[in-house]
Amino acid sequence: MPNTFATLDVPVNDGSGAPFITRALGRPKTIVFSGPVLGRYIVEGSNDGGNNWDILVDDSGQQALFTTPTPGVRTFDCIVDRVRVRSVGNASLGTPPTIALGAPPALGTPVFGVLDMPAAPGLGAPFDLGLSAGAFKTFILRGSIPPGSRYTVLGSIDGVRFDEVMLFTSDQQGARPIEFFCRFLRVQRAAGGPTPVVAFGSEGIVEPISGPAEISIPDGGEVSTSDTSVEEVLRQYRVPLALLAAPSLRVALAGEGRGSTAARNVTFRIRSGGAPDQPDGTELLAVHDIGPGDTSLASDSAPFARPADASTLIKLTGQGDGSAPAILRNFVFLFHPDTP
């Protein structure tokens, strides 16, 4: 794929120009400004399909903001799904300036998504980036942020231990770049008020063409229902299943069922979609644990169509049999192609 050189749409009046899709472009993006200006021209990026935008910034804090007619060449490292030009205070200018963009092709398939944001202080569901996400990422937070708010982006290698990688304390902090490797992302909210949006883009890695890809989600912990008869969500993830090559997929679940020496009939399910924290959505797989004692469980689902959405909410649920809770440990999900 060749390099891309394009002239961005600059509005004649104040407002926003038509977006230019950049998801197939690489990290460095050079922006060239030339022409008159009365107010300011802002180059913005979006990672949630154009619903929320913020100004491009680089790792030194330089902004894609042009306020003088002096020709300028600036390079920004960012992974954004699309960019646009916004004009402020230039309505009487007449002929707008020229703003051009140049960038190399993306080396791998990028991942774009919106992190689950809890409605109250607490942790959102983890987003599983899969095995093909690179280290460089760009985050955008937009929304009404009361003073004293803290929204922390957390990263994790194993999906169990999460550490802070970026902190937002106000709206319009820009499309912020950062470089770190992780498998999972989530948001920790320490704020009241309206619920903002945190969207991200992550560069992809170069993968050899060697057959269909798989996504595994291991968990070395133990999960248990708190009730002996009601179906409950035990784990949930946002998984980019659309990145898998095969059009038809299966999901396998393997783990250790736990219980007393008495017989039991508890059920573990893998569901897709539905509402976060709710045992709903499409049932992809049901695994029954009949005991007694500790058991080894392994089952594969029927084929299902690969989702088209950038990420899919995947939930592990458990349901007791009325007398015993559903307990599972040392388990793993495996999303794999439906092959003979």
Side-chain angles (χ1 to χ4, degrees), residues 1-9 17 19-33 41-66 72-86 99-115 127-142 153-155 157 165-168 172-185 197-209 213 240 242-243 310-311:
M1 182 177 174
N3 295 325
T4 295
F5 301 97
T7 300
L8 302 180
D9 181 55
F20 181 78
I21 303 302
T22 55
R23 63 165 46 231
L25 304 184
R27 178 201 309 186
K29 296 174 178 65
T30 297
I31 297 174
V32 180
F33 179 92
Y41 288 96
I42 305 156
V43 182
E44 302 174 312
S46 173
N47 276 334
D48 63 352
N51 294 313
N52 294 279
W53 299 82
D54 212 344
I55 189 171
L56 301 184
V57 297
D58 64 15
D59 53 8
S60 67
Q62 178 180 244
Q63 298 181 324
L65 174 66
F66 299 90
V73 178
R74 302 180 187 175
T75 297
F76 298 87
D77 280 353
C78 60
I79 299 295
V80 289
D81 173 70
R82 58 197 66 191
V83 299
R84 71 179 184 186
V85 176
R86 183 162 58 90
I99 302 179
L101 180 144
L107 298 178
T109 302
V111 181
F112 297 97
V114 176
L115 298 182
F127 188 112
D128 185 358
L129 294 169
L131 303 178
S132 301
F136 191 84
K137 300 169 179 64
T138 300
F139 292 89
I140 298 172
L141 180 145
R142 291 307 309 270
V153 178
L154 308 174
I157 297 295
V165 295
M166 183 172 287
L167 175 66
F168 288 92
Q172 293 184 292
Q173 289 187 250
R176 299 172 59 189
I178 190 170
E179 191 163 12
F180 67 97
F181 265 116
C182 71
R183 171 73 184 272
F184 301 92
L185 293 170
V197 174
V198 177
F200 72 91
S202 176
E203 67 179 347
I205 61 173
V206 179
E207 293 187 271
I209 302 174
L243 295 183
S311 69

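If you're wondering where the values come from, they're calculated on a predicted model, not measured in any experiment.
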Query raised in the report: Step by step, would you call Ile79 with Lys137 a side-chain contact (heavy atoms from CB on, under 4.5 Å)?
Result: CA-CA 6 Å; Ile79 299 295; Lys137 300 169 179 64; over 6 Å; no
Requested in this report: Look at the rings of Phe139 and Phe180 and say which category their plane angle falls in: under 30° parallel, 30 to 60° tilted, over 60° perpendicular.
Outcome: parallel
Query - Ring geometry between Phe33 and Phe66 (parallel below 30°, tilted from 30 to 60°, perpendicular above 60°) - result: parallel
**Report entry** Cation-pi geometry met for Arg84 and Trp53 (6.0 Å, 45°)
**Finding:** yes
Requested in this report: Could you tell me whether the side chain of Arg27 reaches within less than 4.5 Å of the side chain of Glu179, counting heavy atoms only?
Outcome: yes
Requested in this report: Mark yes or no for whether Lys29, through its side chain, and Leu101, through its backbone, hold a donor-acceptor pair below 3.5 Å.
Outcome: no
Query raised in the report: Taking C-beta and beyond as the side chain, do Leu129 and Cys182 meet within less than 4.5 Å on heavy atoms?
Result: yes
Query raised in the report: Quick one: does Thr22's side chain have a donor or acceptor within less than 3.5 Å of a partner on Val80's backbone?
Result: yes
Report task. Please report the shortest heavy-atom distance between Leu141 and Asp54, naming the atom on each side. Result -> O-OD2, 4.1 Å
Query raised in the report: Do you know which two heavy atoms are closest between Ala199 and Asp48, and how far apart they sit?
Result: CB-CB, 3.9 Å
**Report entry** Thr75-Asp77 side chain donor-acceptor pair, cut-off 3.5 Å
**Finding:** no
Query raised in the report: Taking atom CD1 of Ile178 and atom CZ of Phe200, what is their separation to the nearest 0.5 Å?
Result: 13.5 Å
Query raised in the report: With a 4.5 Å heavy-atom cut-off, do Asn3 and Pro105 have their side chains touching?
Result: yes
Query raised in the report: Any donor and acceptor pair, going by atom type alone, linking the side chain of Asp81 with main-chain N or O of Asn47 inside 3.5 Å?
Result: no
Query raised in the report: Judged by atom type as modelled, is there a donor-acceptor pair below 3.5 Å linking the side chain of Glu203 to the main-chain atoms of Phe136?
Result: yes
Query raised in the report: Is the shortest heavy-atom distance from the side chain of Phe20 to the side chain of Thr4 under 4.5 Å?
Result: yes
Query raised in the report: Heavy-atom distance under 4.5 Å between the side chains of Phe127 and Val111, does that happen here?
Result: yes
Report task. Work out which heavy atom in Leu56 is nearest to a heavy atom in Ala175; give both atom names and the distance. Result -> CD2-CB, 4.2 Å
Query raised in the report: Pick from Thr30, Val83, Ile55, Asp58: which one makes a side-chain contact (heavy atoms from CB on, under 4.5 Å) with Phe76?
Result: Asp58
Query raised in the report: What are the two closest heavy atoms between Ala133 and Ser202, and how far apart are they?
Result: CB-OG, 3.6 Å
Report summary line: Residues at least two apart in sequence or cross-chain that pass salt bridge (Lys or Arg N to Asp or Glu O under 4.0 Å) with Arg183, listed by chain then number, are Asp128
Requested in this report: Determine the minimum heavy-atom distance between Ile157 and Phe181, stating which atoms define it.
Outcome: CD1-O, 3.7 Å
Report summary line: Nearest heavy-atom contact between Asn51 and Ser46 is N-OG, 4.0 Å
Query raised in the report: Would you say Arg74's side chain and Leu65's backbone share a donor-acceptor pair under 3.5 angstrom?
Result: yes
